Protein chains: 2
Amino acid sequence: MPRVEVTKKVRQARIAQLIARSQVFSQQGLAEGLVRFGIQVTQATLSRDLTELGVIKGPHGYEVFSRTEPEPRANGDLKRVVREFVRSMDSADHLIVVQTDPGNAHTVAAHIDRAQWPEIVGTIAGDDTIFIALKRPRVANKILARLREVLRPGNGH
Amino acid sequence: MPRVEVTKKVRQARIAQLIARSQVFSQQGLAEGLVRFGIQVTQATLSRDLTELGVIKGPHGYEVFSRTEPEPRANGDLKRVVREFVRSMDSADHLIVVQTDPGNAHTVAAHIDRAQWPEIVGTIAGDDTIFIALKRPRVANKILARLREVLRPGNGH
DNA sequence: AATGCCTTTGTATACTTATACATTCTTTTT
DNA sequence: AAAAAGAATGTATAAGTATACAAAGGCATT
């Protein structure tokens, strides 16, 4: 049974609370903040706690790293990255414009490049936008349809 | 002016490329990866680069945290950056494709954007390529000519 | 050219974080 | 109950990162 002292679980909850409300930049500082909750631990323990909580250190101090995995890297296939990152698509003549989640345009573009579809002349990716240059305008709908296939719900998983 | 050495900008572009494609867990390891690009720097410089790039260290290595582009110190005009970074240009229908020195596409594109030429709908820049979307294909040559003016030798300084 | 300011980078080192090992306490197995 | 196995945590230190300082070069002004 749990002891009278503060459990690991409670401590980690306090840590999450603390870093959510204030900017903490070191485990030493975190330890000091925890003292106000009557919790006293060493830096080593905090290092372990932060790892378990999935906390990372950003420009503004520690933050919970739960958001959509910024970079699933490795090599999923085209379908996977399209389904995961693409928000919308449209075409304009020789060009298809793809909107993705911020920061992931290059990931998607790289996969499209790799597919080497003959109708595509080239792609270029910014932060959240991809331009796909086509050889001829009339293939736009064909390519769009091919890409959209994987976006439809109930389309495998 | 072209420099013999690798510029900071190019180096940071390589860093971004490297951490996007593989999992890097230390600045030491990053330095080793950069050697394959012929770039040799110390850990201290990489620490600074990562800060400037807004890179953080997550469970899967370094990742880009935020695209807080400090925006190229509003310096130099369009002519200067075109002369300095552009390698070649061509058009494809309503699209102009500009090739630049590695890592400098954003700089050039930003200046083109700033010029606000009415014939240009928008631009998007990758690592060394820019797509310029035009309202209508027939203005391509006009824009190309205007850009190429500054590339001609003996064109002021 | 000389001066001064700014940028970039390396060196050395301080600061921060992770981890091997040991200890203590709890739980499970025999 | 004793022994074995695990969990949690501290200690000491290794591993990793940031930064003060100085050197070097670019650029503008004089």
Side-chain angles (χ1 to χ4, degrees), chain A residues 1-15 18-19 22-35 37-65, chain B residues 1-15 18-19 22-35 37-65 69-77 79-81 83-85 103-104 107 156-157:
Chain A
M1 287 313 253
R3 318 212 294 127
V4 185
E5 302 211 350
V6 181
T7 66
K8 178 179 174 184
K9 202 167 186 177
V10 169
R11 185 185 63 239
Q12 293 191 347
R14 292 296 185 200
I15 290 172
L18 236 158
I19 66 177
S22 59
Q23 298 194 355
V24 184
F25 291 92
S26 75
Q27 294 171 8
Q28 176 60 40
L30 182 55
E32 290 164 9
L34 286 171
V35 169
F37 287 99
I39 299 174
Q40 186 168 359
V41 283
T42 62
Q43 172 268 320
T45 296
L46 293 179
S47 172
R48 295 169 185 127
D49 283 342
L50 292 177
T51 298
E52 289 173 16
L53 286 170
V55 167
I56 58 163
K57 197 176 182 180
H60 306 299
Y62 290 107
E63 292 180 21
V64 175
F65 187 81
Chain B
M1 303 294 205
R3 315 215 176 136
V4 184
E5 303 260 329
V6 179
T7 65
K8 177 180 174 183
K9 208 158 197 169
V10 168
R11 185 185 64 240
Q12 293 190 346
R14 291 301 183 203
I15 290 172
L18 236 157
I19 66 178
S22 60
Q23 299 194 356
V24 183
F25 291 93
S26 75
Q27 293 170 8
Q28 176 59 40
L30 182 55
E32 289 163 9
L34 286 172
V35 169
F37 286 100
I39 299 174
Q40 187 166 359
V41 284
T42 61
Q43 172 267 321
T45 296
L46 294 180
S47 172
R48 295 171 185 125
D49 283 341
L50 293 178
T51 298
E52 290 175 16
L53 287 170
V55 167
I56 57 162
K57 198 176 183 181
H60 306 299
Y62 292 107
E63 294 181 19
V64 174
F65 182 73
E69 284 286 322
E71 189 53 28
R73 293 83 60 172
N75 57 4
D77 57 11
K79 282 189 180 181
R80 195 182 64 74
V81 297
R83 191 161 40 222
E84 185 168 358
F85 298 124
N104 290 108
T107 303
H157 160 74

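These numbers come from a predicted model, not from an experiment. Both backbone and side-chain heavy atoms feed into the values below; hydrogens, waters and symmetry mates do not. Chain naming here is simple, since letters A, B, ... match the order of the sequence lines and numbering starts at 1 in each.
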How does protein reach along nucleotides 13-19 of chain D, written 5' to 3' as B (base within reach of a heavy atom under 4.0 Å), S (only sugar-phosphate), or - (no contact)?
-> ---SBBB
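- Heavy-atom minimum distance, B:Ala31 versus B:Val41: CB-O, 4.1 Å.
- Environment of CD in A:Gln40: sparse, with no more than 12 heavy atoms of neighbouring residues, nucleotides or ligands closer than 6.0 Å.
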Evaluate the side chain to side chain contact (heavy atoms under 4.5 Å, CB included) criterion for residues A:Ile19 and A:Leu53: first the C-alpha distance (whole Å), next the side-chain angles of each, then the deciding distance (0.1 Å), finally the verdict.
-> CA-CA 11 Å; A:Ile19 66 177; A:Leu53 286 170; 5.9 Å; no
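- One interatomic measurement links the two molecules: NZ of A:Lys9 to C1' of D:dA7, which rounds to 15 Å at whole-angstrom precision.
- Between B:Tyr62 and B:Ile15, every side-chain heavy-atom pair lies at or beyond the 4.5 Å cut-off.
- Dashed line: the shortest gap from a side-chain N or O of A:Arg11 to OP1 or OP2 of D:dT9 is under 4.0 Å.
- Rounded to an integer number of Å, the gap from A:Glu52 CD to C:dA18 P is 12 Å.
- For the pair B:Ile15 CD1 and C:dT9 C1', the interatomic distance rounds to 13 Å; values are reported in whole Å.
- For the atom pair OG (B:Ser26) and CD (B:Gln43), the distance works out to 9.0 Å, reported to the nearest 0.5 Å.
- Checking B:Arg11, B:Lys9, B:Arg14 one by one against B:Asp49, the salt bridge (charged side-chain N to carboxylate O under 4.0 Å, His left out) holds for a single residue, B:Arg11.
- Straight-line distance from the CG atom of B:Leu53 to the P atom of C:dT8: 13 Å, rounded to whole Å.
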